[in-house]
Amino acid sequence: MIQTQSLSVYYGDKQAVRDVTFHAPAGKITAIVGPSGCGKSTFLSSLNRMTDLIPSARIEGQVIVNCCDVQDRNRSPAELRRCVGMIFQKPNPFAMSIRNNIQLAVREHGQRDRQQLNQITESVLRDVGLWDEVKDRLDDSALKLSGGQQQRLCIARALALKPSILLMDEPCSALDPIASATVEALILSLKERYTILIVTHNLAQARRISDEVAMFWMNDGAGEIIEQGPTETVFSKPNHPIAAAYFAGTSG
Ligand code: ADP
């Protein structure tokens, strides 16, 4: 579903990610953990070519999504980002109505039928548990929603494009504990239908929700994966001594 082969990412002369070979199984949640600055966000952004938007960024190696090479020049970045949705740490709804937040991109991808658009809107808002909270105020500004509701709206906006993969970069860390628990439960409920990669600083959260874990660590100035595998194995019997110290809370 999603894999990388010897992936390195540079910003100008500085290497941020080094030689990462990685595999995220379909229909599972893979947590990406490790200290700040070791390349987790950079790695995630390279998977749907968001790094293309940074002029100094350069990629070496291979990213394979749904059996296709992401760097293939014949593949459109817009289509790639449709099937690989991204959720950021800070909820980023557009400054427009709740309805238009969902419908704008769907219309841009060719759907013009109003009934279909309304159906998609209801369906994805139900998927994220927001429908009953907003169904009477779909034309209100999305910016009036609470932080947790905004984050669920952003997830609904990604789902409206029918992705197969969701990349989530610390999706709960800007939220209060109750909103964070709601979004965490939502992520778990989505896993059967989507392949999910989630960067999280919260090791307890990684252990609760993920099936697989990949741990990044800074080595010689660039981030590398030093441990990856099934969550319970990685947490209870890590191979790498640094991973063992990190999970025990004595390092990082
Ligand atoms: P993490 O997500 O693990 O905190 P990042 O991927 O954000 O790490 O950052 C990895 C390294 O790349 C850091 O040294 C950071 O300063 C650098 N970096 C991140 N984004 C950029 C950018 N747009 N331009 C230059 N350097 C960047």
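Counting starts at 1 for both ligands and their atoms, in listed order. Residue numbers run from 1 in the order of the sequence given. These values consider heavy atoms only, across backbone and side chains, with no hydrogens, waters or symmetry-generated copies.
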Salt bridge present between [X] and [Y] (N-O < 4.0 angstrom):
| X | Y | value |
| --- | --- | --- |
| K28 | E212 | no |
| D127 | R193 | yes |
| R126 | E122 | yes |

With heavy atoms of [X] as the reference, note each atom of ligand 1 found under 4.0 Å away.
| X | result |
| --- | --- |
| S36 | 4 (O) |
| C38 | 1 (P), 3 (O), 8 (O) |
| K40 | 1 (P), 2 (O), 3 (O), 4 (O), 6 (O), 8 (O) |

Donor-acceptor pair between T231 and S210 side chains, under 3.5 angstrom: yes

Distance-only side-chain donor-acceptor flag, E170 / S173, under 3.5 Å: yes

Ligand 1 versus S41: contacting region, heavy-atom distance under 4.0 Å: both

Can you report which non-hydrogen protein atom sits closest to [atom], along with the distance?
| atom | answer |
| --- | --- |
| atom 19 (C) of ligand 1 | Y11 CE1, 3.5 Å |
| atom 14 (O) of ligand 1 | K14 CE, 3.3 Å |
| atom 5 (P) of ligand 1 | T42 OG1, 3.7 Å |
| atom 8 (O) of ligand 1 | G39 N, 3.1 Å |

R107 backbone acceptor or donor facing R112 side chain under 3.5 Å: yes

Flag, side chain of T4 to backbone of V63, donor-acceptor distance under 3.5 Å: no

Cation-pi, F247 ring and R207 (6.0 angstrom, 45 degrees): no

Atom 24 (N) of ligand 1 protein-contacted (non-hydrogen atom, under 4.0 angstrom): yes

Heavy-atom nearest neighbour of atom 11 (C) of ligand 1 within options G34, S45, S56, G37: G37

Any P35 heavy atom less than 4.0 Å to ligand 1: yes

